[in-house]
Amino acid sequence: MENNFLLKELEKHKKLLSVTLLLNSSLEPSYIYKKTIEAITEIVNAEVGSLLLYDEEKDELYFHVALGEKGEIIKKIRLKIGEGIAGSVAKTRKSLIVNDVKKDPRFFSKADEQSGFVTKSILCSPLIYRDKLLGVIQAINKKDDENFSNEDLNLFESFANIVSIALENAKLYNKLKETFFQTSFALAEAVEKRDPYTGGHVRRVTEYCLAIAEELGLNKEEKENLELSAILHDIGKIGIDDAILRKPAPLNEEEIETMKKHPQIGLEILKKVKHLSEIVVGTFSHHEKYDGTGYPLGLKGDEIPIIGRIIAVCDTFDAMTSNRPYRKGLDDNVAIEELKKYAGIQFDPLIVDAFIKAFQRGKIISQSKREKIYEN
Ligand SMILES: [Fe+2]
């Protein structure tokens, strides 16, 4: 008897430990949501698990659901704090077992009516981190027609604690990352503001790069590195003299040589930030050319980091299609023809292909197109 009890306890702890490891293996909220919902059913042997997140502004709970036929319906359901079993749990911040929902006046039947699901029993726990309500988790319908027990409740509460910590960690990490991206963007814009003719260049180049990343199927980390490189690609222009940077006419040869120093200046600035090594290779190589005639190193083909090859195409397209005081920007289609013409010479043909696909899908909106949209 005692052995049986110990074995059961051990089994429970093993389950919790494996879930803890799983949830802590990612800082991606969507991954944590998905794994939480999957783990709920396993932890307390339930038919379905659901996760409701707290919307602080509206003081409501809303379902987090994976996309599916019923997902769209459930997604629209919102519960006021205090409404339904989940809302009550959020309000009292105390877990609840309801083994026959029909007999409980708090049961919110709308979700069942709209989704066609039949709820019989619910085990619900709040997600709380340092006194802050994050949401609630629900295990619905104990399998084999059994009732949820106090033992289930204890286990579920421990699980809720693990989920809360994982969610809060992910939230903090993403907030920090967002702040870093916004700071980088502010810095890039500050540099851009010195040149009154290139307004919006950084934003457009970054958008174009992300459109290419989508076409190429880059993963999340590659996309983030590309985005940050695109934001910071011309940061080295901070070291270029105003007389050159703001010159309202084409540059002479000497000025061009000075201007060519900006990738090196950018490298000097960014290399001081320890975790930016992936980004630096991209910004440093955005003026390399596919045939090896670019600068600063004269790299050729695949020797040029892919981030550099992507920025090169986007940077050039934006420069061609944007108006300058001494010339009008090219028509989009003419600029696309230019990219095609120089594919394999100046640009990586695969990147040009991806750019054209993104353009045809309407993902590339040039400066002049934006102005037309704005006028209308
Ligand atoms: Fe540049």
Side-chain angles (χ1 to χ4, degrees), residues 184-210 212 225-271 273 276 278-299 303-327 329-330 335 338-339 342 345-348 351-352 355 364 366-367:
S184 301
F185 197 82
L187 188 66
E189 274 209 318
V191 175
E192 195 173 73
K193 286 268 185 288
R194 288 179 58 217
D195 180 353
Y197 310 114
T198 56
H201 173 71
V202 172
R203 191 174 293 277
R204 287 190 301 273
V205 169
T206 306
E207 280 176 22
Y208 300 166
C209 283
L210 289 177
I212 291 189
N225 286 339
L226 174 62
E227 184 176 0
L228 204 50
S229 295
I231 290 172
L232 295 169
H233 75 279
D234 271 345
I235 205 75
K237 283 190 179 170
I238 200 161
I240 304 295
D241 204 76
D242 263 2
I244 298 174
L245 201 65
R246 299 169 70 107
K247 188 177 172 184
L251 303 180
N252 64 35
E253 248 174 64
E254 199 189 335
E255 291 163 340
I256 287 172
E257 285 313 307
T258 307
M259 191 66 136
K260 279 183 175 178
K261 289 179 185 154
H262 77 272
Q264 181 64 38
I265 302 169
L267 174 86
E268 299 299 327
I269 297 169
L270 297 177
K271 76 177 182 191
V273 187
L276 288 186
E278 294 281 331
I279 280 96
V280 176
V281 289
T283 57
F284 186 61
S285 59
H286 76 278
H287 284 291
E288 297 288 356
K289 290 184 181 170
Y290 202 66
D291 62 1
T293 61
Y295 65 91
L297 300 178
L299 299 176
E303 284 171 2
I304 309 166
I306 183 160
I307 294 182
R309 278 179 271 149
I310 296 173
I311 298 176
V313 172
C314 300
D315 192 23
T316 311
F317 180 83
D318 189 61
M320 285 195 290
T321 50
S322 297
N323 297 324
R324 290 283 182 276
Y326 49 90
R327 62 145 174 82
L330 290 181
E338 285 296 298
L339 291 183
Y342 289 97
I345 303 164
Q346 187 173 346
F347 310 115
D348 179 344
I351 307 291
V352 172
F355 187 90
I364 307 286
S366 65
Q367 187 206 35

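All ligand and atom numbering here is 1-based and tracks the order in the structure. As the structure is a prediction and not an experimental result, all values here were calculated from the model.
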*Can you say whether the rings of His262 and His287 are parallel (under 30°), tilted (30 to 60°) or perpendicular (over 60°)?*
perpendicular
*asked:* Going by the rule side-chain hydrogen bond (donor to acceptor under 3.5 Å, both in side chains), which residues pair with Glu278 if we only count those two or more places apart in sequence or in a different chain?
replied: none
*Donor-acceptor pair, side chain of Glu192 and main chain of Gly200, under 3.5 angstrom*: yes
*Which protein N, O or S atoms sit under 2.8 Å from the Fe ion (ligand 1)?*
Asp234 OD1, His262 NE2, His286 NE2, His287 NE2
*Taking 4.0 angstrom as the limit, do Glu207 and Arg204 come out as a salt bridge?*
no
*Would you please name every residue forming a side-chain hydrogen bond (donor to acceptor under 3.5 Å, both in side chains) with Asp241, sequence neighbours left out?*
none
_Residue pairs passing the ring pair (Phe, Tyr, Trp, His ring centres under 6.0 Å) test where at least one lies in residues 228-255, sequence neighbours excluded_ = His201-His233, His233-His286
